[in-house]
Each structure stands twice: as structure tokens, then as C-alpha cells.
Amino acid sequence: MQSETFKFIPLNITLDKQSATDGLLKIQLTESDYQPKVEEKVRDYARKANIKGFRLGKVPTGVIKKMYGKGILVEEVNHIISHSVSDYIKDNKLRVLGDPLPNQEKALTIDWDFQKDFEFEFQIGLVEDFTVDLSKKVKLTSHPIAVDQKVMDDTLEDIKRRYGKRTNPEVSEIGDNLFGEISQPGSEEKQGSYLRIEQVEKSQQQKFIGLKKDDAIEFEVEKILKDSEAIAQLLNVNEEESKKASGSYIFKVTNVSRIEPVQINQELFDQVFGKDVVTTEEAFLSKIKETISGNYERETQHLLEHEIQHYYVDHTKINMPEGFLKTWLKATSEGKVTDEVLEKEFKTYRDSIKWDLVKNKIAEEKEIKIEEHDVREKAKQVIIEQFGGPAIAEQLGDKFDGIVSNYLAGKDGKGENYMRTYNQLRHDRILGVIKENITIQEKNVSLEEFKKIAESHKH
């Protein structure tokens, strides 16, 4: 069923600007504004109604009015009001935040049985026009990560271990991995745990050598490990919690695992990159470096885009209707946003909306548009990457377009992947325009330096 398009203006709609950022839309509706639509809907009901005592399509309109008249009236009036408000905002080019909020108290005084003329009010939050500085005066720093020899050595060692032969010796040695259960003294609560002995501080490693299945060892976690990821694996917690971890723990061994590093040869080349993609050790190392560089570039761009967002949120002057925004967040959250939540998180809400306003302004001024063709092409790329390369499209032939359509429709058929892909494409193009127009200075850093910068830039 196709959706109808409506253009209800002109109704008697006025905007009472109470301030630069707050407005009240007042709508007066007379019987002549809604009655033709109501009568049309009554006749439609009469044609389709299946009511005992009347033949199908022969139910008198008087009977329909008596049974369904009020519901039809309420439905049509609300329909007209909703579309009229949207059309008014669009036609008058009002930049509004959120959705218009109806005056519920006023609406509750309506007498739908006898009233002929109606008046509605909607509170709206307005955003004044603003400017976005897209010029070389805006200076930000990008931090490309250098693929140094240490990174190459660590990666190669990791690959050799990952593809190496696994054994389960009875007694642990320095290069082994320990699987077990972790608990705190006096507690019966146990978590699955994993520890690489090589990650333990050298002065503490001897404690973990010579252990067998069912052996238990007690230690102070902050003394044996310094790396937060290793602590997270050992205690089975997230990385944020691992940074706060301290005190005594007991580790009970359930399994000792040893990996014999694999030889660097054609068999390993094929396992890592596919058959005959690389055929020499030099090409293998070059491909590893290329892969690492690609991963690092994504991390670099992610941090840069994070900084772009915070620069424009902090430096773009936008007069926002904060009072309305708080009211709207509470009214539309189904009770999830309380005054307490707003007190803690309102700045995050506000900054997120401010960033959306900035992006919308740039898209409007630079005429950035995403067409359906763009969305489908992006979806094709995603599917091809998921299936390991363009061969899948060739194999499926004409069926590939159907798979793309199903993917974009999403699990519920409502187009969730379409909107996600559309929004990502739009976001990427807006960020691309920003990067092209501002000054981005590059400062090469090591991986460790990058981690520190990323941590310090968290807001």
C-alpha cells in the first residue's frame, strides 16, 4: 500500500517565538478543515464494514458514525495536525531540535463529542543559523603509527606461535601458557583464567615454572603483571576494571599449553595469506608490514575523526534550546531519562546533537547527497569482503543483486542495514570534506606513543 502525500497548509498556524531558541506553534482547526476527510473515511468504512444485519458494502453511514465516528474524527484530526506541523516547519525552513512536543494538558480538555473547532499547541526547540569554519585556519594533528622493527618482530613471533604445533606438557616452562581458575582468598567464586608466563615480570616468572595440573599459586596481581590486557585475561574482567585490579589472587592450573613455533616456509605463507599469494620470505614480510600498516591507518583515522568531532563541538558556536532539549529527552525516553540521568549525561547528549547539527550544516552547504545506487554499491563491497573477495559476485551472477537487497532489508525487513549503510556513507563523505578543507599536520609516532595519545584524548 503506497503512502499518501499531504499538504494541509494553509491552516491557521502561528509561531510564537518566546526566545531565540524556544517557540510555540499554535494551530486552529475548524470543521471545514477536517470534515471532508472524516466523511470520506466514513464512506470508506461503510463500503468495507462487515456488520451483522447488513450486507457487505451496504452499511448506512449513520451506523458507521454511531459506532466509529469519534475514533475516525480523532484519527483524522491528529493526522492533519501531524502533517501540518511538519509542512509548516519545512516550508518556513525552521531548524528544530527533536520533535515538536504537544501541550498534553490542553489536548485533554477537548470534548470530541461536541466540539467542532479545535486548538492545539506544540512546543518546539529552535536553532539559530550558525557558521562552520571549514578553512585552513583549523589545524589538527594526525598521528600515523610507524611500523618499526619491534612491531614486525612481535607480529612475526605471534604468527609463528599462532600457527605452531600445540602440545600439553605435564610441567610448565618459561614459554608456556597456563589455563586455569582464578579466585580471591576466602572466596568460592571462580573465573576461567589464562596466563602467558612470558608476560609475567621477570622477577616473578620462577613462581610459574614447574607447575602441573591442579597446582595452585597465590600472588599479588600488581606485582606479577603490568600490562592491562594481560591482567584482564588473567582475572577475566574488562580492560577498564583490570587497570584498578590489585591484591591477592589464587590461580589453580587446569592445563599447561606449549606451542612449538612454526617454520617460516611456503606452508606458513599459504596458511596466513592464501595459496601462492606470496612465495618468498621477503614478500611474506612485506605483506605483513602492508597488513599492519593498513590496520594502523584505520586506527590513525579513527583518532583523527574523534579529534575533528571534538574540535567542532568545542569551537562551533550554536545557541541551543537546552531547556527544551531536556524536556524532549525526558518526554520521549519512556521513563529511561530521569533528572538524575540528565545531570550526569546531558553534556554527552547535547554534544552528540551539536555534532549532528554541524554535520548537517556541512552536508547542506557542500550539497552532500547519498543516492540509492551509492548505498547498494557500498553493500556489495561489504558482502564481497565478508565472503573473501570478488569471486563470490561472479559465482552468484544475477542472484547477487537479490542477496544485496536482502542484506539491506535486514532481519526484520524494515531496512535497518540500508539506513546504517546510508548513515555511514554520509558520515564518511562529510568527514572527507572536512579533511580536504582544514589543515592536518602529521606527526609519526610509535605504537606505544599512539596508545598514550589515544588514552589522553578520551573525553
Taking all atoms of both residues into account, what is the closest heavy-atom pair of G192 and N236, and its distance? O-ND2, 3.2 Å
Centroid separation under 6.0 Å, is that true for the rings of F450 and Y296? no
When the ring planes of F273 and F284 are compared, do they come out parallel, tilted or perpendicular, using 30° and 60° as the limits? perpendicular
Identify, with sequence neighbours excluded, every residue that meets side chain to side chain donor-acceptor pair (under 3.5 Å) alongside D227. none
Minimum heavy-atom distance between D270 and K275, given as atom pair plus value: OD1-CA, 3.5 Å
Indicate, with yes or no, if the rings of H302 and H306 have centres closer together than 6.0 Å. no
What are the two closest heavy atoms between Y249 and Q184, and how far apart are they? CE2-CG, 3.3 Å
Taking the basic N atoms (NZ, or NE/NH1/NH2) and the acidic carboxylate oxygens, is any pair closer than 4.0 Å for E455 and K243? yes
Check whether F400 forms a cation-pi arrangement with K380 (NZ or CZ under 6.0 Å from the six-membered ring centre, at most 45° off the ring normal). no
Are a donor atom and an acceptor atom from the side chains of R298 and N295 found within less than 3.5 Å of each other? yes
Are T30 and D33 linked by a side-chain donor-acceptor pair shorter than 3.5 Å? yes
With under 30° as parallel and over 60° as perpendicular, where do the rings of F120 and F118 fit, or are they tilted in between? tilted
Do we see a donor-acceptor contact under 3.5 Å between the side chains of K435 and Q301? yes
Short question: side chain of N423, backbone of M419 - any donor-acceptor pair under 3.5 Å? yes
Side-chain contact, heavy-atom cut-off 4.5 Å: R161 with N177? yes
Between K366 and E436, does at least one N-O distance fall below 4.0 Å, as a salt bridge requires? no
So V96 and L126, side-chain contact (heavy atoms from CB on, under 4.5 Å) or not? Walk me through it. CA-CA 5 Å; V96 300; L126 298 165; 3.9 Å; yes
Would you find a donor on one side and an acceptor on the other, under 3.5 Å apart, between the side chain of N255 and the backbone of F179? no
How close do S84 and I80 get, heavy atom to heavy atom, and via which atoms? OG-O, 2.6 Å
